[in-house]
Amino acid sequence: MSRRTSRRPRRTSRFGASHLAGWLFADLMLVLFLVAMAVQPRAQLTTGTPDEKKPSPAGPRVLGQDFCEFMIPVEAAGLIGGSDGARADLVTKVEQTLHRKHPSWLHGPAMRDAEGRAKCDAMLKQNLQVGFFLVYGARNDTGSGVRLGKNAATAIKAGNPRFRQAIYRAAWTGGQGNGSVQLIVFFYQN
């Protein structure tokens, strides 16, 4: 019997030289990245007392999600008419509100909740800068309510330094608390 010798072609590698070179390049980049990370200086942690003045943040300001809501009685007719006395009265009342002198002016469902009141009180104690505020004029008709809200917002922004860099929106809130201004304040957290 004759043996048949079959010659199979030699099996070549599935991976060619260029494929292996690509993997070698990727491995080399990984090693270089790890070496670069290893030689970076460590972050310096500073420890200081709370009394030291902290540097102002270099990045964007962060607006907190918690808020304070108030219903402040005002001289509505004077604010709508542009009276300086009514504007000064509102600015004084807002300042007193921020110093927690009128807890009865806390307003809304979140402020009726003990947790919401505690968060508001904590923010007021920290004397944080205002980042955004809403002012609603409480009037029976829409036109005078919107005018009351806008005039109150401009008076607050111009009259209180904590509001000067804040963004605001003014609108009408209906007749509830007629002759009052509903103020919702969001503070910067940094």
Side-chain angles (χ1 to χ4, degrees), residues 50-51 53-190:
D51 296 338
K53 183 172 178 150
K54 295 180 182 178
S56 60
R61 305 288 309 261
V62 176
L63 193 64
Q65 64 183 359
D66 296 320
F67 61 90
C68 292
E69 182 177 352
F70 310 98
M71 184 67 83
I72 303 172
V74 296
E75 298 173 19
L79 277 172
I80 291 170
S83 163
D84 289 338
R87 291 169 59 94
D89 178 62
L90 172 63
V91 170
T92 300
K93 287 178 177 177
V94 168
E95 184 66 29
Q96 291 171 351
T97 302
L98 294 177
H99 285 98
R100 304 180 328 270
K101 293 185 179 177
H102 297 285
S104 64
W105 291 353
L106 287 170
H107 177 73
M111 298 298 107
R112 282 192 281 276
D113 178 57
E115 183 180 349
R117 278 192 315 273
K119 287 178 182 178
C120 176
D121 195 48
M123 289 185 291
L124 293 174
K125 283 180 183 176
Q126 292 176 34
N127 204 24
L128 299 172
Q129 190 72 23
V130 176
F132 178 72
F133 66 102
L134 299 161
V135 181
Y136 297 100
R139 297 291 285 180
N140 289 329
D141 67 290
T142 309
S144 66
V146 170
R147 213 168 21 260
L148 175 60
K150 285 182 180 179
N151 290 355
T154 56
I156 293 168
K157 186 169 173 92
N160 190 303
R162 289 176 66 182
F163 286 82
R164 290 230 169 90
Q165 296 181 12
I167 297 168
Y168 70 88
R169 296 291 176 262
W172 171 66
T173 190
Q176 179 188 359
N178 192 20
S180 297
V181 169
Q182 182 180 359
L183 177 65
I184 302 172
V185 183
F186 292 84
F187 297 95
Y188 284 124
Q189 298 302 303
N190 60 345

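This structure is a prediction, so every number in the text was calculated from the model and none was measured.
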TODO: Measure the spacing between CD of Q189 and CZ of R61 and express it to the nearest 0.5 Å.
DONE: 10.0 Å
Open item on the list: For the SG atom of C68 and the CE atom of M123, what is their distance to the nearest 0.5 Å?
Closed with: 4.0 Å
TODO: Using modelled atom types only, decide if a donor and an acceptor are shared between the side chain of W172 and the backbone of R139 within a distance under 3.5 Å.
DONE: yes
Open item on the list: Other residues, nucleotides and ligands only: do more than 12 of their heavy atoms fall within 6.0 Å of NZ on K150?
Closed with: no
Task: Nearest heavy-atom neighbours spanning A153 and A170 - done: CB-CB, 4.3 Å
TODO: Determine whether the aromatic ring centres of F186 and F133 lie less than 6.0 Å apart.
DONE: no
Task: I72 vs H102, side-chain contact (heavy atoms from CB on, under 4.5 Å): CA-CA, chis, key distance, verdict - done: CA-CA 9 Å; I72 303 172; H102 297 285; over 6 Å; no
Task: Non-hydrogen side-chain atoms of M71 and W105 separated by less than 4.5 Å - done: no
TODO: Count the heavy atoms belonging to other residues, nucleotides or ligands that lie under 6.0 Å from CZ of R100, then report whether that count exceeds 12.
DONE: yes
Task: Side-chain (N151) to main-chain (L79) donor-acceptor, under 3.5 angstrom - done: yes
Open item on the list: Looking only at side-chain N and O atoms, does N127 offer a donor or acceptor that is under 3.5 Å from a partner on R162?
Closed with: yes
TODO: Taking atom CD of Q96 as the centre, report whether more than 12 heavy atoms of other residues, nucleotides or ligands fall under 6.0 Å from it.
DONE: yes
- [ ] State whether a side-chain donor-acceptor pair under 3.5 Å links D89 with T92.
- [x] no
- [ ] Can you measure from SG (C120) to CG (D66) and round to the nearest 0.5 angstrom?
- [x] 9.5 Å
TODO: Identify the two heavy atoms, one from V130 and one from Y188, that lie closest to each other, and give their separation to 0.1 Å.
DONE: O-CE1, 3.7 Å
Open item on the list: Regarding E69 and Q182, do their side chains bring together a donor and an acceptor under 3.5 Å, going by distance alone?
Closed with: yes
- [ ] State whether the side chain of K157 and the backbone N or O of A166 hold a donor-acceptor pair below 3.5 Å, judged by distance alone.
- [x] yes
- [ ] Mind running side-chain contact (heavy atoms from CB on, under 4.5 Å) on F163 and L98 for me, showing each step along the way?
- [x] CA-CA 11 Å; F163 286 82; L98 294 177; 3.5 Å; yes
Open item on the list: Side chains of I156 and V91, heavy atoms from C-beta outward: is any pair under 4.5 Å?
Closed with: no
Open item on the list: Does this structure show an ion pair linking R117 with D121, if we count only N-O contacts that are shorter than 4.0 Å?
Closed with: no
- [ ] Using a cut-off of 6.0 Å, state whether more than 12 heavy atoms not belonging to E115 lie near its atom CD.
- [x] no
Open item on the list: Are L183 and L134 packed together at the side-chain level, in the sense that at least one heavy-atom pair is separated by less than 4.5 angstrom?
Closed with: no
Open item on the list: Counting neighbours of CZ on F70 that are heavy atoms of other residues, nucleotides or ligands and sit closer than 6.0 Å, is the number greater than 12?
Closed with: yes
TODO: Quick one: closest heavy-atom pair of A152 and V181, and the distance?
DONE: CB-CG2, 3.9 Å
Open item on the list: Any heavy-atom pair between the side chains of Y136 and I184 that's under 4.5 Å?
Closed with: yes
Open item on the list: Tell me whether K93 contacts the main-chain N or O of P73 through its side chain, where contact means a donor paired with an acceptor under 3.5 Å.
Closed with: yes
Open item on the list: Tell me if a side-chain donor or acceptor on R169 pairs with a main-chain N or O of V135 at a distance below 3.5 Å.
Closed with: no
- [ ] Rounded to the nearest 0.5 Å, what's the gap from CD on Q129 to CZ on F187? Could you check?
- [x] 9.5 Å
